[in-house]
Q: 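For reference, the structure I am asking about is given below.
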Amino acid sequence: MTTIQPTLVRAVPNEALHRALSDRKRPTRPSSWQVSLIFFWRALLKFKHVPMQIFDVTMFPIMMTVMFTYLFGGALAGSTSKYLYTLLPGILAQTVVFITMYTGVAVNTDVAKGIFDRFRSMPIWKPAPLVGALMGDTVRYTTAATVVTVLGLILGFRPDGGLFGVLAGLALLLFFAFSLSWIWTALSLVMQTPESVMMTSSMILFPLTFVSNILVDPETMPRGVRAFVNINPITHLVTAVRGLMHGNAETGDVLVVIAVALALNAIFAPLTMRLYNNKNAR
Amino acid sequence: MTKAEYAIEVMDLRKSYGDNEVLKGIHLRVERGQVFALLGPNGAGKTTAIRILATLLRFDSGTARVFGHDVVAEAELVRSRISLTGQFAAVDEELTGRENLIMIARLLGHSRPAARNRASELLAAFDLSDAADRQVKTFSGGMRRRLDIAASIVVTPDLIFLDEPTTGLDPRSRNQVWDIVRALVADGTTVLLTTQYLEEADQLADRIAVIDHGKIIAEGTSRELKASVGDGSLHIRLRDPKRRHEAERLLAQTLDVSVHLESDPTALSAQVSDAQAVGQTLIKLAHAGIEVSDFSLGQPSLDEVFLALTGQPLEDESIAAKEHVA
Ligand SMILES: Nc1ncnc2c1ncn2[C@@H]1O[C@H](COP(=O)(O)OP(=O)(O)O)[C@@H](O)[C@H]1O
Ligand SMILES: [Mg+2]
């Protein structure tokens, strides 16, 4: 039970507050593109504030490259530079493909917090927060890919395709990664917590990347495993990227990768948007 | 074409989650420029109602209009007039306070310099300048809530929704939020707030609707509502328990209410509808030579309002839920 409470006189609002509130001008509504760029800026700010994310896209790939080069390089190919010739494009693909996971985790974290409701109650283009986040992720992929490529060159990776070949390989890889990340955004909109998104996506990505031609030649694998490796899209991605970087790509491999990427976009982009618009709205 | 006289007009609004009917035909009218409080315990349906009005949640039947615009058919128009401060702070924890406000200002169409100016102005007005460049995750609950409200008024809205703006705040932060609400109305914004505290509704709101289990069980001004409960509970303890019956008669006479004798042999209590009369009662007790050792006049609590309105105390479930939230 509260004790005697004198009725408070309605306080005169403080001056600064009053001034801040008296500005009722509404600026003109920005375009969809502008709004997406603002969310892109938000994603970039997070790199600044969460240095762990920089670690994920630089140190982690560096460790992978160094570890696999020296751990398996000598044993499997006789010399590290020979091994790098086939390994580096694979490590590159593996690193970038793994980083796509973070998109889902970031979207899920947003949705779980009230900030998602705030964005949705604002007069802005609805998909913008997602588009901005995806744009931020391409920065992540590009950073990681650049780090691995430069490190590879230092360690002795000598691509036969030259600069053009390397850039073509990177472009194909980034396009594939962007397309793949729609799966994780869709997943993140149906799962409850960021941890479960992380779990599920790693459970899919581990077999996809390890049971592939990234680390070892499929010829040395048992028949059953080899069958999986040969239909694994990551295998085709790695073959295509290797081919482009060394200037001996088979058109077929590149086309398969482009087709898979386009299919991922066609299925998961609209699905993500649908899930996103309906999320918490029922 | 209805003329948009009301800031909010809700008719027979219904919403179910599966078999759980959460809103059971809500009617509401909020006039422009008012502070309207939706008062109810946990699970009553307050957040659901607010999310529907803020165009975030679909509903099953009924109509909801904001400034005359249908919240479904004209959602974009509604969004350009409102701001939502949800039950849980809707700010980016990893960004700084300033970056949060700049982001919202830019999203609403301010140029880069204008957004910076607006952010600084709001940070100063909300007493956040010192912490402005720290990540929000280092903020206290009160600071977070103020930033959250600041983010909602980057462009001063015509209608603001505040969902339990002071739940979990210390008294000082609560008073700051109250001042902000008063300043908002003084400058012409309509406020719809939800609360679990009668005192808060009493302090801020022009009108109060009491909501329970998805139904509005009472609506009116604070005075009207309290009339149904009494202005407050008067508790008196006497020095001498033998004089209690005498005191009871005297109280019943002067206050014209029934007096409750408590298990403590020196204590009596009564629901009073007129706080003025309490003073006279105390004087009369003194004249009669009945010594009072202790007395208090309290606001009726939400429990007492519920008891008066529904004849049932608040359910334990909501109390357990409150503890869970805290
Ligand atoms: N997304 C949801 N799914 C199922 N039930 C829900 C959901 N959101 C709220 N509810 C239920 O609706 C009722 C009202 O909830 P809410 O509007 O949050 O109440 P309040 O804000 O008054 O505490 C509660 O019983 C709650 O469990
Ligand atoms: Mg609520």
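All values derive from a computational prediction rather than experimental measurement. Below, chains carry the letters A, B, ... as their sequence lines are ordered, and counting in each starts from 1.
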Q: Compare every heavy atom of B:L56 with every heavy atom of A:S121, then report the nearest pair and how far apart it is.
A: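 Looks like N-CD2, 3.8 Å.
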
Q: If you apply the rule side-chain hydrogen bond (donor to acceptor under 3.5 Å, both in side chains), what do you find for B:D202 with B:S222, and how did you get there?
A: CA-CA 6 Å; B:D202 189 24; B:S222 169; 2.4 Å; yes

Q: Tell me which of these, B:R118, B:K15, B:E99, B:R106, has more heavy-atom pairs under 4.5 Å with chain A than the rest.
A: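 Option with the greatest count: B:E99.
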
Q: Between A:S179 (side chain only) and A:N265 (backbone N and O only), is there a donor and an acceptor less than 3.5 Å apart?
A: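 Such a contact is absent between A:S179 side chain and A:N265 backbone.
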
Q: Between B:S111 and chain A, which part of the residue has a heavy atom less than 4.5 Å away: side chain, backbone, both or neither?
A: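 Neither part, no heavy atoms under 4.5 Å.
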
Q: Name the region of A:L21, side chain, backbone, both or neither, that has any atom closer than 4.5 Å to a heavy atom of chain B.
A: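 Interface part for A:L21: both.
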
Q: Mind ranking B:T85, B:I104, B:V154, B:T55 by heavy-atom pairs under 4.5 Å with chain A and telling me who comes out on top?
A: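 Top option by heavy-atom pairs under 4.5 Å: B:I104.
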
Q: If you measure only the distance, is there a donor-acceptor pair under 3.5 Å linking the side chains of A:T100 and A:W184?
A: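 The answer is yes; a qualifying pair exists.
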
Q: What option among A:K113, A:R29, A:R26 has the most heavy-atom pairs under 4.5 Å with chain B?
A: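 When all of A:K113, A:R29, A:R26 are compared, A:R26 has the most.
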
Q: So what's closer than 4.5 Å to chain A heavy atoms on B:D158: side chain, backbone, both or neither?
A: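 When you check distances to chain A, atoms from both the backbone and side chain of B:D158 fall under 4.5 Å.
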
Q: Of the listed residues (B:T156, B:I82, B:L95), which shares the most heavy-atom pairs with chain A below a 4.5 Å separation?
A: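 It is B:T156.
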
Q: What do you reckon, are the aromatic ring centroids of A:Y141 and A:F175 less than 6.0 Å apart?
A: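 No - the distance between ring centres of A:Y141 and A:F175 does not fall below the 6.0 Å cut-off.
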
Q: At a 4.5 Å cut-off on heavy atoms, which part of A:F39 comes close to chain B: side chain, backbone, both, or neither?
A: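 Side chain only.
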
Q: Hey, is CE on A:M67 packed in by over 12 heavy atoms from elsewhere, all under 6.0 Å?
A: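 Counting other residues, nucleotides and ligands, CE of A:M67 exceeds 12 neighbours.
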
Q: Just do the salt bridge (Lys or Arg N to Asp or Glu O under 4.0 Å) check on B:D133 and B:R98 with the steps written out, would you?
A: CA-CA 6 Å; B:D133 296 306; B:R98 188 186 306 279; 2.9 Å; yes

Q: Heavy atoms only, distances under 4.5 angstrom: which of B:R51, B:E121, B:E76 has the most pairs with chain A? Name it, please.
A: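 Ranked by contacts with chain A, first place is B:R51.
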
Q: Given a strict heavy-atom distance threshold of 4.5 Å, which part of A:W125 is in contact with chain B: side chain, backbone, both, or neither?
A: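 Neither part.
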
Q: Could you check which of B:L108, B:L122, B:N100 has the highest count of heavy-atom pairs closer than 4.5 Å to chain A?
A: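 Of the options given, most contacts go to B:L108.
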
Q: Let me know if B:Y17 has heavy atoms under 4.5 Å from chain A in its side chain, its backbone, both or neither.
A: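 For B:Y17, the contact with chain A is made by the side chain alone.
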
Q: Is the shortest side-chain N to carboxylate O distance from B:D148 to A:R118 below 4.0 Å?
A: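 Salt bridge present between B:D148 and A:R118.
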
Q: Which region of A:K279, side chain (C-beta onward) or backbone (N, CA, C, O), has a non-hydrogen atom less than 4.5 Å from a non-hydrogen atom of chain B, or is it both or neither?
A: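 For A:K279, no heavy atom lies under 4.5 Å from chain B.
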
Q: Given heavy-atom pairs under 4.5 angstrom as the criterion, report whether the side chain, backbone, both or neither of B:Q135 touches chain A.
A: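 Contact with chain A involves the side chain of B:Q135 alone.
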
Q: Under 4.5 Å from any heavy atom of chain A, what part of B:I52 do you find: side chain, backbone, both or neither?
A: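 No part of it gets close to chain A.
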
Q: Could you look at B:S152 and say if it's the side chain, the backbone, both or neither that has a heavy atom under 4.5 Å from chain A?
A: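 For B:S152, backbone and side chain are both near chain A.
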
Q: With the threshold set at 4.0 Å, does a side-chain nitrogen-carboxylate oxygen contact exist between B:E93 and B:R144?
A: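 Looking at B:E93 and B:R144, the cut-off is met.
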
Q: Strictly below 4.0 Å, N to O, side chains only: are A:D110 and A:R42 in salt-bridge contact?
A: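 Looking at A:R42 together with A:D110, the answer is yes, because their closest N to O distance falls below 4.0 Å.
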
Q: Just by distance, no angles: are the side chains of B:T166 and B:R145 close enough, under 3.5 Å, to form a donor-acceptor pair?
A: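 No, because no side-chain N or O of B:T166 sits under 3.5 Å from a partner of the opposite role on B:R145.
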
Q: Using non-hydrogen atoms and a 4.5 Å limit, figure out which bit of B:A105 sits close to chain A: side chain, backbone, both or neither.
A: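 Contact with chain A: none, neither part.
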
Q: Let me know if A:V35 has heavy atoms under 4.5 Å from chain B in its side chain, its backbone, both or neither.
A: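 Both parts, heavy atoms under 4.5 Å.
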
